[in-house]
Structure formats: structure tokens, C-alpha cells
2 protein chains.
Amino acid sequence: MSHIKCKGHCLTCPVRNRSIFSDIPESTLEETIKDFHTSVITFESGESIFRQNEDSSESAYTLRKGLIKITKSLPDGRVQIVRVLVAGDLFGMDGFGYENYNHTATALTDAEVCRLPLQDLTTLRQNHREVDASIMSRFVKNLRQTENMVLELGAKRASEKLASFILRLSQADNKSALNNGDVWLSLPLSRAEIGSLLGLTIETVSRFFSDWKRKGFIKESKSTLQIIDAEGLKEAACSEGSCDE
Amino acid sequence: MSHIKCKGHCLTCPVRNRSIFSDIPESTLEETIKDFHTSVITFESGESIFRQNEDSSESAYTLRKGLIKITKSLPDGRVQIVRVLVAGDLFGMDGFGYENYNHTATALTDAEVCRLPLQDLTTLRQNHREVDASIMSRFVKNLRQTENMVLELGAKRASEKLASFILRLSQADNKSALNNGDVWLSLPLSRAEIGSLLGLTIETVSRFFSDWKRKGFIKESKSTLQIIDAEGLKEAACSEGSCDE
DNA sequence: CGACCGATTGACTATTTTCAAGTGGTGTGG
DNA sequence: CCACACCACTTGAAAATAGTCAATCGGTCG
């Protein structure tokens, strides 16, 4: 069950330096948020934070711990993962233009979020130019990522989608920590979820993974993944000519 | 050739009431923009306004006349249309977070845009809450549309993509003017462009169109399109069970 | 041990693309 | 005014790609 812990404590927030509050100096932070109605809420894996077309978009959220998937679904039950959120990400800002959320947010792991009423966020934006800039920048980043997703889904074939997904994963990981050479990446998504992210079936995902393991491009054990031969992967992904970025 | 006409004249702007300036009263409009460095620029069909990863994202744009396509492309030349802009749309706001544009904007028809330096836009946002709200709302709308695109491309099959594209077109048209019953919609996109928007080949698009014409669901003549049987279309698009929104 | 669940694999099918040929309309130059 | 080229679109046949269905594997948990 989801559980409201308490009012958020920014100073001890695990994503303090990655959140939209990162540019507010510690000295004025308490003062800034003292009238805000923030809540820290925990969710178990599988629980939804809000639902497409159902929940009122009164609050935005910051992910403090865990992973969350943003999904959209068709009436017949087909589900598309639109984006995967990591700690520090701001999400659920539909309220700036609409009454309800356009997508569903579901915890992929046990997760902890900070709920921030849009009204407070608006006040914050007006009083803190850095926060406003940070939010704008996140909007742009978000939009760009989603546009990139459109390119991935619309223009690439299965092997290309999968290969660039894996390579992107390794890039994201390389940024987050110092990594030398061969690294085990955590792969928090099941085959079904990878499929749902890339518009493929479980079987198709599984087949290419198996193929690439046999060819020695990747290794896998217990939801971690190792890229042995990135070049091989890239070539395998491209049928013939140059293809991936 | 693209051609800079002059400094923009908001009062006589054809999209005055649909632009982000719509909520600024006429009485203060001239005063508000007097120090801005806006330009009205015309483009011939096929010319690009800015290019993915090449042009510096110093300015945002408002489309005054014509149609523009936003595209992303792969190194091997495959192109994906991400969105089609209509008069009044604000675009090219990458500068709020990045140095360059993430996509290419190309005129689909002869077009006229108003260029607005991001610096001016920032000033405007700070001084006019309505404009700020309008921009936020457009960001959200944009993001939602792009997310919807991700669902279309990732979760639907060809016939479903095409059918919902046509039905969406008719909805957009119904909103813009009073229309009773059977209406001829303008279809400004070629088969190739529709394909590029939906992640399909020219031939696939052509085949379904032909099929639906034979079945009497749609009629077409000279880049206009008429929906005869929307229900038929919906059912044709859905293989079996319920599928479309 | 047995049930269960995610992943794998094979055989088959459906869908979509590719390649190729042909149609029809439009505009240009002789 | 006709011949011609050009272009977008259409259509057919074959091939590639991805999906479906079904059986199986392997690990985990009670």
C-alpha cells in the first residue's frame, strides 16, 4: 500500500542536489518551503502514483528513490511505456494546462516520491528564477527525450531499437559513476517491459538478446547486463549502411 | 529563398488571438514589445527554418501562415515527422535548456513565421503572467501530443495508425470551423509524408487508402479527403476487439 | 517436491516492406 | 496541340520482418 510518510524534508532529501530545489541555497531553503504542502509518499513496486485520464493533475512529483515507468494504454489493454524515471526526475506537470494526467505513473520498484501541489510550484517559480529555469529546462529535456522516442519507434527496426536501448543504458550508467571498461549495468526492466518500451513482443526481445549473447556482444546474469562488444552491437543493429547515431 | 520581411506587427498579426500574445490587451501591446527584436520571416515550401543539431537555439518561433513539419532523422537518411504545426503554434524552444535544436523545422507550404529571441521571451514571461501560463500550457500540450505519438507508433499496427490519423484530422477540422455532416478535409501531406509521420512506407499508406476507398469509407480528390463512414473506418482499423480511443 | 513465473526456443502465420512495373495527371517545349 | 518527361501515386509479387502460439527450460518459493 502507498503510504504518506510526512511533510518532505528538503535538507535531508536524497535527491536534494538533483531536484529542482538544487539551486536554492540551504540557508533559505526552510524559509522558502515553510508554507508548502509537500508530502513524501512511498509506493510498493507495481502501485500507481496517478492514472491516465482518471486522476486530477493537482500535483507534480519528484522521484526520491526507486524507478517509475510512465505509460499510456489503448482501450484494448495494449500498453506503451513512454519513459522511465530515475531519482531526481520531476514528473506529472500536466496541471499547467490540463485537468487530468495524460499518462499513468507506476512504480517499477519500491519507490519514494515527493508530492508538490502545483500551486506551490507556481509560487516557487515566481519567487525563484533558478527554479523556474530548472523547470523549463526539464520540460525541454523531457520533450526532447520523447521526440527521440518517436524517432526510435517510428523509424527503426527491432534490432536497432534494442541495440540503441542497450547502448543508451550504458551511456546513462557511465555518466552516473566512474566506470572503466567492462561494466555490469543493472537492467531493471523485464523482457515484457523492454518490449513495451520499444514496441516489441517479449519473444522478439528475447530472440535478439539470445542471439547477441551467442555472438559474444553481451552477457547477462540476474538482471544485470554487460556490454562486451559495443561495436559489434552497433553493426548488428544496422542491417547494412550507417544507421545509428 | 527565405526572406526577412520586417519587425513583427503584433496588432495586425494574422494569429494575434491564437498566439502567446493573445492575452495581452491591445492597449499595452505596443509598449510591451517595443524593445523586442522580433522578425517576420517567410519561407518557401521545402525550406527549413532551423536544423537538428546544427542551428543555435537562440530564438523561438510562432507560425503565422502555412504549415511546418518538425522532423528528426537518422544518419542513414531515414526521416521521422514528429509533429505538424499549424498557424498560431509556438515552436523551437530548445534554448530553454540546450544550445541547439533537437529537430528540424521545414515548411510544408509557403510559410510565414515570427522569430522571437529567447531573451525577449524570457523578459516577456517575467513581466506577463498570462504569457508565462500560456507558454507552460503549450509545453504541456506539446509533450502530451508527443507522448500520444509514442503510443501511436509503438502500440498500433499500420491500419490503426492510418485510421486514427484520418479521424484526428477530421476532429481538428471540426474544431476550427462549423461543419455539418460530410466535409472535405484538406490533406496537406503527401503519401510519403503521411508515411514518415506514422512510421510506414508510401506503399502501405497507399494500399490502405485504396482499400478504404473501394469499401466506401473515404473519398479523395486533389489533396482533399472526405470521411464517408467513420464507424467503418474505426472497425477496419481494429483487427478484432475494441482498440481505438 | 511441485507450482509458478519469467525467459527461451521452435514452428508457423501475419503484417509490412521491398522491388518492380504501370497509371494518370501536369507542365513544358517543339 | 501533341509528345514527352516528370512526379506522385497505385498495384502486384516476392521477401523480410515481427508476431502468435505452444512447448520447454530454469530458477524461486512455499
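The sequence lines fix the lettering, A, B, ..., with proteins before strands; numbering per chain opens at 1. Below, each value reflects all heavy atoms present in this structure, side chains not excepted, and no hydrogens, waters or symmetry copies.
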Quiz item: So, are Glu160(B) and Arg78(A) salt-bridged, with charged N and O less than 4.0 Å apart?
Solution: yes
Quiz item: In whole Å, what is the span from the CZ atom of Phe208(B) to the C1' atom of dT11(D)?
Solution: 14 Å
Quiz item: Can you list the residues that meet the side-chain contact (heavy atoms from CB on, under 4.5 Å) rule with Glu54(A), with sequence neighbours excluded?
Solution: Arg51(A)
Exercise. In plain terms, say whether Lys234(B) and Glu231(B) are close enough for a salt bridge, that is, a side-chain N and a carboxylate O under 4.0 Å apart.
Key: yes
Exercise. Whole angstrom is fine here: how far is it from CG in Leu225(B) over to C1' in dC9(D)?
Key: 15 Å
Quiz item: In chain order, what residues pass the salt bridge (Lys or Arg N to Asp or Glu O under 4.0 Å) check against Lys215(B), with sequence neighbours excluded?
Solution: Asp211(B)
Self-check item: By ring-ring contact (aromatic ring centres under 6.0 Å, His included) - contacts of Phe208(B) (at least two apart)
Solution: Trp212(B)
Any N/O pairs under 3.5 Å between the protein and nucleotides 4-8 of chain C? List them or say none.
from: dA7(C); atom 1: OP1; to: Arg191(A); atom 2: N; distance (Å): 3.3
from: dA7(C); atom 1: OP2; to: Arg191(A); atom 2: N; distance (Å): 3.2
from: dT8(C); atom 1: OP1; to: Arg191(A); atom 2: NH2; distance (Å): 3.2
from: dT8(C); atom 1: OP1; to: Lys213(A); atom 2: NZ; distance (Å): 3.0
from: dT8(C); atom 1: OP2; to: Arg191(A); atom 2: NE; distance (Å): 2.6
from: dT8(C); atom 1: OP2; to: Arg191(A); atom 2: NH2; distance (Å): 3.3
from: dT8(C); atom 1: OP2; to: Ser206(A); atom 2: OG; distance (Å): 2.7
from: dT8(C); atom 1: O5'; to: Ser206(A); atom 2: OG; distance (Å): 3.1

Give me, pair by pair, the N or O atoms of the protein and of nucleotides 28-30 of chain D that are less than 3.5 Å apart, along with how far apart they are.
none

For nucleotides 23-26 of chain D, which of its nitrogen or oxygen atoms have a protein nitrogen or oxygen under 3.5 Å away, and what is each distance?
none

Practice problem: Specify the separation, in whole Å, of atom CZ of Arg78(A) and atom C1' of dG19(D). | Solution: 12 Å
Exercise. Tell me, please, which residues at least two apart from Ser186(A) pass side chain to side chain donor-acceptor pair (under 3.5 Å).
Key: none
Could you tabulate the donor-acceptor pairs under 3.5 Å formed by side-chain atoms of residues 197-204 of chain A, not counting sequence neighbours?
from: Thr201(A); atom 1: OG1; to: Thr204(A); atom 2: N; distance (Å): 3.3
from: Thr201(A); atom 1: OG1; to: Thr204(A); atom 2: OG1; distance (Å): 3.0

Exercise. Please state how far atom CD in Glu193(B) lies from atom C1' in dC9(D), giving the value in whole angstrom units.
Key: 14 Å
Exercise. Specify the separation, in whole Å, of atom CG of Leu200(B) and atom P of dA18(D).
Key: 14 Å
Self-check item: Interatomic distance where CD belongs to Glu160(A) and P belongs to dA16(D) [whole Å]
Solution: 16 Å
Practice problem: Find the distance Leu162(A):CG to dT17(D):P and express it as a whole number of Å. | Solution: 15 Å
Quiz item: How would you label the contact of Gly195(B) with the nucleic acid (heavy atoms, under 4.0 Å): base, sugar-phosphate, or nothing?
Solution: nothing
Quiz item: How would you list, by chain and number, every residue that makes a side chain to side chain donor-acceptor pair (under 3.5 Å) with Glu58(A), sequence neighbours excluded?
Solution: Ser56(A)
Quiz item: Rounded to whole angstroms, how far apart are CZ on Arg157(B) and P on dG19(D)?
Solution: 10 Å
Quiz item: Quick one: salt bridge (Lys or Arg N to Asp or Glu O under 4.0 Å) partners of Arg18(A), sequence neighbours excluded?
Solution: none
Self-check item: By ring-ring contact (aromatic ring centres under 6.0 Å, His included) - contacts of Phe165(A) (at least two apart)
Solution: none
Quiz item: Would you say Thr204(B) reaches dT16(C)'s phosphate, i.e. side-chain N/O to OP1/OP2 under 4.0 Å?
Solution: no
Quiz prompt | Contacts of type side chain to side chain donor-acceptor pair (under 3.5 Å), residue Asp55(A), not counting sequence neighbours | solution = none
